[in-house]
Amino acid sequence: QVQLVESGGGLVQAGGSLRLSCAASGRTFSMYAVGWFRQAPGKEREFVAAISWNGGSTVYADSVKGRFTISRDNAKNTVYLQMNSLKPEDTAVYYCAARLGEYSDSHNWYDYWGQGTQVTVSS
C-alpha cells in the first residue's frame, strides 16, 4: 500500500513558479513510477508528467514541456513537480499517482492517488 499527499499548491501570477511535492508512505515507494495529472473545472483529468521508479526516465505533456520539471528523491519518498512560466490555463487541481512498473500517461493505469492540491494562476 502507498499513501500519497500533495502539497505546494497556491495562487500565483502568470509567469510565476510553484513547486509541488508528493510525499509517499511505504518503504517500497522507490519501486513505483509516479505521474502528475491535473483536472480543471468541467474538464477531464489530463496527464502532466511522469517519472520512472529510479528517476532515470521522464515524460511530459506537450502543453508543459519546457516549463515543468518532474523529479524524485527516493531517500525522502518524495516526487516533485517544478512549474515555471505558469499560465492561467495551468489552473487546476493537481494530483500525483503511483503504480508499480513502467510509468504511463493514462490515469487508468495508476493504482494510488493523492487528494490533490489546487493551483490557481491569475492573469
Side-chain angles (χ1 to χ4, degrees):
Q1 280 279 13
V2 174
Q3 292 184 322
L4 305 173
V5 178
E6 302 96 334
S7 61
L11 173 64
V12 64
Q13 289 188 331
S17 298
L18 284 173
R19 188 176 80 157
L20 305 184
S21 297
C22 174
S25 64
R27 292 178 293 176
T28 61
F29 179 65
S30 59
M31 298 172 61
Y32 287 75
V34 174
W36 282 97
F37 294 80
R38 65 187 182 187
Q39 188 165 19
K43 295 188 176 181
E44 293 187 354
R45 190 167 298 191
E46 65 170 351
F47 171 74
V48 175
I51 190 166
S52 61
W53 65 273
N54 64 352
S57 182
T58 59
V59 63
Y60 298 91
D62 288 342
S63 59
V64 307
K65 203 171 293 183
R67 299 188 298 122
F68 291 11
T69 302
I70 189 171
S71 62
R72 69 189 298 161
D73 184 342
N74 284 341
K76 296 182 178 180
N77 275 10
T78 303
V79 172
Y80 305 98
L81 185 68
Q82 178 67 43
M83 305 187 296
N84 299 329
S85 302
L86 282 161
K87 304 175 181 180
E89 50 263 45
D90 294 318
T91 295
V93 177
Y94 283 70
Y95 301 88
C96 65
R99 69 182 301 269
L100 283 172
E102 299 294 320
Y103 58 61
S104 171
D105 61 1
S106 170
H107 67 275
N108 293 316
W109 282 51
Y110 287 84
D111 301 308
Y112 304 100
W113 290 83
Q115 82 291 347
T117 185
Q118 176 70 48
V119 171
T120 303
V121 184
S122 63
S123 57

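Everything quoted here is computed from the prediction, not taken from an experiment.
A distance-only check finds a donor-acceptor pair linking the side chain of E6 to the backbone of G116 [under 3.5 Å]. Not one N or O on the side chain of S123 forms a donor-acceptor pair closer than 3.5 Å with the backbone of P88.
Here the closest non-hydrogen pair linking V119 and M83 is CG2-CE, 3.9 Å. Residues G8 and L18 approach most closely at O-CD2, 3.8 Å, considering heavy atoms. The nearest pair of heavy atoms linking V34 to F29 is CG2-CZ, 3.6 Å. Among all heavy-atom pairs drawn from N84 and S17, the shortest one is OD1-OG, 2.9 Å. Contact detail for A24 and V2: the closest heavy-atom pair is CB-CG1, 4.2 Å.
Looking only at side-chain heavy atoms (C-beta outward), V12 and T120 stay at 4.5 Å or farther from each other. Proximity of Q39 to E46: side-chain heavy atoms (C-beta onward) are nowhere separated by under 4.5 Å. Between Y110 and S104 there is a side-chain heavy-atom pair separated by less than 4.5 Å. Annotation: side chain of Q115 is in contact with side chain of V5 (closest heavy-atom distance under 4.5 Å).
To the nearest 0.5 angstrom, M31 atom CE is 11.5 Å from N74 atom CG. Remark: R67 CZ to S85 OG distance equals 7.0 Å, nearest 0.5 Å. Residue L81 holds its CG atom at 13.5 Å from CZ of R72, rounded to the nearest 0.5 Å. Once rounded to the nearest 0.5 Å, the distance linking CG of D111 with CD of Q1 reads 9.5 Å. In this structure, CG on N77 lies 12.5 Å from OG on S21, to the nearest 0.5 angstrom.
Taking the six-membered ring where the residue is Trp, F37 and W113 present tilted rings, their angle falling between 30° and 60°.
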Taking only distance into account, with no hydrogens and no angle test, what donor-acceptor pairs under 3.5 Å do side-chain atoms of residues 92-101 form with protein atoms, sequence neighbours excluded?
unit_1: Y94; atom_1: OH; unit_2: R38; atom_2: NH1; d: 2.9
unit_1: Y94; atom_1: OH; unit_2: D90; atom_2: O; d: 2.6
unit_1: R99; atom_1: NE; unit_2: W109; atom_2: O; d: 2.7
unit_1: R99; atom_1: NH1; unit_2: E102; atom_2: O; d: 2.2

Please tabulate, for the side chains in residues 55-62, all donor-acceptor contacts under 3.5 angstrom to protein atoms that are two or more places apart in sequence or on a different chain.
unit_1: S57; atom_1: OG; unit_2: Y103; atom_2: OH; d: 2.7
unit_1: Y60; atom_1: OH; unit_2: I70; atom_2: N; d: 2.9
unit_1: D62; atom_1: OD1; unit_2: K65; atom_2: NZ; d: 3.1

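The only member of V64, I51, V79 that meets side-chain contact (heavy atoms from CB on, under 4.5 Å) when paired with W36 is V79.
Every side chain to side chain contact (heavy atoms under 4.5 Å, CB included) that K43 has, sequence neighbours left out, goes to A40.
A chain of hydrophobic side-chain contacts below 4.5 Å, direct or via other Ile, Leu, Val, Met, Phe, Trp or Tyr residues, connects Y112 to L20.
Counting non-hydrogen atoms of neighbouring residues, nucleotides and ligands closer than 6.0 angstrom, the CD atom of Q118 exceeds 12 such neighbours.
Checked by atom type, the side-chain pair D73/T78 shows no donor-acceptor distance below 3.5 Å.
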